[in-house]
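The block underneath contains the structure these notes are about, expressed in structure tokens.
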There are 2 protein chains.
Amino acid sequence: MAEKVTIYDISKKLKISAATVSRALNDNPKISAKTRELVLKTAAEMNYKQNRLAQALKSGRTNNVGVIVPYINRSFFSSVIRGIEEELSPHGYHVIICQTHEDVNNEIKQIDTLLNTQVDGIFMSVAKTTQDTSHIKKALAENTPLVFFDRKKEVKGLSSVVIDDFRGGYLATEHLIKQGCKKIAHFSGDLNVEIYKNRHQGYLKALKDNGITPLKRFSLQVNSKLESGISAIKDLWEFDEKPDAIFSSSDYAALGAIQELKQMGIKIPEDVCVVGFSNEPFTKYMELPITSVDQTPLEMGKIAAQVFLEQIEGSQTLTVEKQVILAPKLFVRNSSNRNL
Amino acid sequence: MAEKVTIYDISKKLKISAATVSRALNDNPKISAKTRELVLKTAAEMNYKQNRLAQALKSGRTNNVGVIVPYINRSFFSSVIRGIEEELSPHGYHVIICQTHEDVNNEIKQIDTLLNTQVDGIFMSVAKTTQDTSHIKKALAENTPLVFFDRKKEVKGLSSVVIDDFRGGYLATEHLIKQGCKKIAHFSGDLNVEIYKNRHQGYLKALKDNGITPLKRFSLQVNSKLESGISAIKDLWEFDEKPDAIFSSSDYAALGAIQELKQMGIKIPEDVCVVGFSNEPFTKYMELPITSVDQTPLEMGKIAAQVFLEQIEGSQTLTVEKQVILAPKLFVRNSSNRNL
DNA sequence: TATATTTTTGTAATCGATTGCACTAATTTA
DNA sequence: TAAATTAGTGCAATCGATTACAAAAATATA
């Protein structure tokens, strides 16, 4: 068994104090070049590895950050996490992951245990049901930087990185209008959730800017499931005046819509254009690839990490909150492309 | 700013020693009920939170585990990680994630820093290119349990949880035979990688068991990309004797195959059946859903976690390695289902 | 009541690294 | 050469919790 080598082992071997060893290893300028060399050489020989726990206890910094998301295996979240990891790893940070399963109670627990483990920072996308933010303010109270991504809450002093959902909604709708669509229906998610509300607003604004009066009946709350997309189409088609386009806040519902429309013999994109949101991996693999708004998750993760780093490094400055809003990207594919 | 409360603060307030406080908090039976109550009550009042770093330094256990995968945002890996997290979180463990980007050098670094951070255990799926295992043996030398999942290496003393890739290959091929296919081609991955080799072996065995002589030309090395599937089909169709089924070790290549076959006007599943591997989320969403072998990633993660827990808890027993082999599940869908 | 036991609590070392302060040795200055 | 700096090291406390051992308090026994 490899016994752990400590600075005391080195100090004994060299008959110098542990303090000197520590200083030599940390490139402290007060140490003579000769001693430093000797210590470094010996440390290498003895296969010394710094005990990060001891160091963390002393310094109060663990070099760990926590990421809290609803589910890690959702394509969007795992990509954001990847971005965070890739940006932070070169700086010596490790990423700890936590899942809330969209439940505030778990969120509360996770924040607690993360703060307890003394993470140097927290990244989070709040659960859909989260209303109260007192558990989030704890991080602030303990002086642990917290950065929201995608799903944020308004808490003074906390930074966030989100995409411009309004613009995403606007882009998608505008694109549909340019394709010649005039009766555009929108599948929104729960309008109490900020991101869905914003996408909806963007949709409305684009219509108005183009002289189209939005029809109340064309805004449906549809949750993020294939089946919901199917039944939403059925509902819409009960009326005489049918839409000539669907802009869905969810790729899954968009897919359901496409399946149902095809079922009914409706041609896409000739008769009806369909646009989704999130740019889920499957959208581009479909036989009829689906146009979708990309949320640039990888970039979002990287930028969130940068915001955290700025906050940590420049601790001089009083904690300044930073609100980054990324531009969404529309990927036009066949489900809405009439210019082929 | 909330000052951190320590057991010393409690001991001062109650005028008892920190040792007593510590014992009371840890339910040590040597403490009188009265004192315990008092301490617990006071601790709650003062909002005491144990410093896990100090405890970790003392005990040598951090309650952190590391997971090393090629990329976290691959559907399969993120699902395994989810399984690990969900199984371990109730036991108080946190999960640290690391990516290798399929590069052994990163793998080496990651193991090093994880051991350095004193994780209590490591889960890993090795990079495709990994040959030498000396970096992995370091964990063993430091007495840190390491559990392989999916992609393993033979290292004495290390446990693993994998699926029965041979059986997966066998199942898929057998299914195709039952559909009446007789000329089944196989897209394998790199045959130097164990999992691909095993799937290939399973394919061969199923053919033989059913009296079909495998054709060398029908075993192609195709990497896990849509485009590769397309060109593989082109290659196969240059010969007169065409296959009547494709069993691909990759869902992406299977998808490419389907696209190209359709392009050529070939009917699926009537003329050619197609089966993929991994049960990627997109397979079930396709207009023509793709039959695929599921690797039960969530379960794999959970079981890997259980193996780790057994190893940690029953530290009495000498480290016994455990090799778990999970059964793959075939999800039959329209790309290979002629019995509709 | 005096002594033996058992409970309960306190003292101090430990985990490994860091760092302010003090001290010695080496160098510079007068 | 003596005094004043400067450079290089060591001592010991610290981060917060745990725990063997010692000691004190409470209880049981004679």
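Because the structure is predicted, anything quoted here is derived from the model rather than measured. Proteins come first, then strands; the chains are lettered A, B, ... in the order of their sequence lines, and each starts at number 1.
Counting to the nearest Å, the P atom of C/dG16 and the CD atom of B/Gln55 are 16 Å from each other. In this entry the distance linking NZ of A/Lys58 with P of C/dA17 reads 13 Å, nearest Å. Atom CZ of B/Arg36 and atom C1' of C/dT8 are 11 Å apart (whole Å). In this structure, B/Tyr48 atom OH and D/dA17 atom P are separated by 3 Å, rounded to whole Å. Between A/Ile10 atom CD1 and D/dT9 atom C1' there is a gap of 17 Å when expressed in whole angstrom units. Atom NZ of B/Lys12 is separated from atom C1' of D/dA17 by 15 Å (rounded to the nearest Å). A straight line from NZ of B/Lys15 to C1' of C/dT9 spans 17 Å, rounded to a whole angstrom. Atom P of nucleotide D/dA17 and atom CZ of B/Arg61 are separated by 18 Å, given to the nearest angstrom.
In this structure, B/Asn106 and B/Thr100 approach most closely via the heavy-atom pair ND2-O, 3.0 Å. Closest non-hydrogen pair, A/Leu38 versus A/Thr42, comes out as O-OG1, 2.6 Å. Nearest approach of B/Ser17 to B/Ser11, heavy atoms of both residues: C-CB, 3.7 Å. When all heavy atoms are compared, the tightest approach of A/Asn63 to A/His91 is OD1-O, 4.3 Å.
Among the atoms of the strands shown, only primed sugar atoms or phosphate atoms (P, OP1, OP2) are found under 4.0 Å from some heavy atom of B/Thr35. Residue contacts shown for A/Asn26 are limited to sugar-phosphate atoms, with no base heavy atom under 4.0 Å away.
Remark: the A/Arg23 side chain and the D/dG10 base include a donor-acceptor N/O pair separated by less than 3.5 Å.
One N or O on the side chain of B/Ser59 and one on the backbone of B/Gln55 form a donor-acceptor pair closer than 3.5 Å.
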For the pair B/Tyr48 and B/Ile7, evaluate side chain to side chain contact (heavy atoms under 4.5 Å, CB included) and give the outcome as yes or no after the intermediate values. CA-CA 8 Å; B/Tyr48 167 78; B/Ile7 51 171; 3.6 Å; yes
Kindly determine whether A/Phe149 and A/Phe123 satisfy ring pair (Phe, Tyr, Trp, His ring centres under 6.0 Å), including the steps that lead there. CA-CA 7 Å; A/Phe149 61 88; A/Phe123 297 87; 7.2 Å; no
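Overall bending of the helix from C/dT1-D/dA30 to C/dA30-D/dT1, expressed as the angle between end axes built from five pairs apiece, is 50° (10° steps).
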Any N/O pairs under 3.5 Å between the protein and nucleotides 22-24 of chain C? List them or say none.
none

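The side chain of A/Ile16 lies closest to D/dG10, out of C/dT8, D/dG10, C/dT18. Closest to the side chain of A/Ser22, out of D/dA17, C/dT11, C/dT19, is C/dT19. Of the candidate nucleotides C/dG10, D/dA17, D/dT9, D/dT9 has the atom lying nearest to any side-chain atom of A/Ile31. When each of D/dG16, D/dC11, C/dA17 is scored by its nearest atom to the side-chain atoms of A/Gln50, the top-ranked nucleotide is C/dA17. Listed nucleotides: C/dT8, C/dA17, D/dT19. Nearest to the side chain of A/Ala54: C/dA17. Here the nucleotide nearest the side chain of A/Thr6, chosen from D/dT18, C/dT9, C/dG16, is C/dG16. The side chain of B/Tyr8 approaches D/dG16 more closely than any other nucleotide in the set D/dG16, C/dA12, D/dC11.
A salt bridge between B/Lys138 and B/Glu142 is absent, with no side-chain N of the basic residue lying under 4.0 Å from a carboxylate O of the acidic one. At a threshold of 4.0 Å, the pair A/Glu194-A/Lys152 does not count as salt-bridged, since none of the basic side-chain nitrogens sits closer than that to a carboxylate oxygen.
By the salt bridge (Lys or Arg N to Asp or Glu O under 4.0 Å) test, B/Glu102 pairs with B/Arg74, B/Arg151, sequence neighbours left out.
For the pair A/Thr20 and D/dG10, the criterion of a side-chain N or O lying under 4.0 Å from OP1 or OP2 is met.
Each of B/Leu57 and B/Pro29 was matched to the nucleotide of DNA chain C holding its nearest heavy atom; the match closer to the 5' end belongs to B/Pro29.
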